[in-house]
Structure formats: structure tokens, C-alpha cells
**Student:** 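Mind looking over this structure? Questions follow.
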Amino acid sequence: MVVLVAALLLLGVVLGAVVQIPLPLTFALATVIGCWLLIFAVRERACAQRRSR
């Protein structure tokens with residue numbers, strides 16, 4: 001949960017800086033954050049399935 005909160009805070013900081021950074025860098029950062037959240041979701045789902053067994 002802490003990782004998710006950190007990711008959302010980082011996303012907020014990046015979105016606040018979008019006006020000041022070039023567009024390709026914005027897309028690169030958005031991709032990194034999206035991948036991080038996707039990996040987090042997959043890991044959480046896998047842990048939840050293991051706990052339910």
C-alpha cells in the first residue's frame with residue numbers, strides 16, 4: 001500500500017512538472033510509472049491468490 005501511495009505522489013509531482021519538461025520526457029516518465037503500477041498490481045494479485053489457497 002505504501003508503494004502505491006508513493007507512486008501516486010510521484011505521479012502528482014510529475015504531472016505538476018509536465019508544463020516545464022519536454023513532451024518526450026513526459027511520455028517516458030508516464031511509461032515508467034505505468035509499468036511500476038502494473039507490476040505492483042500483478043504482484044498484489046499473485047499474493048492474494050496464494051493467501052486464498
**Student:** When rounded to the nearest 0.5 angstrom, what is the spacing between CD in Q20 and CG in L25?
**Tutor:**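 The CG atom of L25 is 12.0 Å from CD of Q20, to the nearest 0.5 Å.
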
**Student:** Using a 4.5 Å cut-off between side-chain heavy atoms of Ile, Leu, Val, Met, Phe, Trp and Tyr, which other residues end up in the same hydrophobic cluster as V5?
**Tutor:**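 Once heavy-atom contacts under 4.5 Å are chained together, V5 belongs with L9.
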
**Student:** Is it the case that one hydrophobic cluster holds both I39 and V32, taking links as side-chain heavy atoms less than 4.5 Å apart, direct or via other members?
**Tutor:**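 Different clusters.
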
**Student:** So which heavy atom on L4 is nearest to which on L37, and how close?
**Tutor:**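 Closest approach of L4 to L37, heavy atoms only: CD1-CD2, 3.6 Å.
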
**Student:** Mind checking whether C35 and T31 have side chains closer than 4.5 Å, heavy atoms only?
**Tutor:**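 Result yes, sub-4.5 Å side-chain heavy-atom pair found.
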
**Student:** I need the Q49 CD to E44 CD distance, nearest 0.5 Å.
**Tutor:**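 Answer for the CD-CD pair, Q49 versus E44, is 12.0 Å.
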
**Student:** Give the other cluster members for L38, using side-chain heavy-atom distances under 4.5 Å between Ile, Leu, Val, Met, Phe, Trp and Tyr residues; answer none if it is isolated.
**Tutor:** none

**Student:** Let me check something: do F40 and L11 share a hydrophobic cluster, defined by ILVMFWY side-chain heavy atoms less than 4.5 Å apart, either directly or through other members?
**Tutor:**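 Same cluster.
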
**Student:** Applying side-chain contact (heavy atoms from CB on, under 4.5 Å) to L10 and L29, what does each step give before you reach the verdict?
**Tutor:** CA-CA 10 Å; L10 181 61; L29 290 173; over 6 Å; no

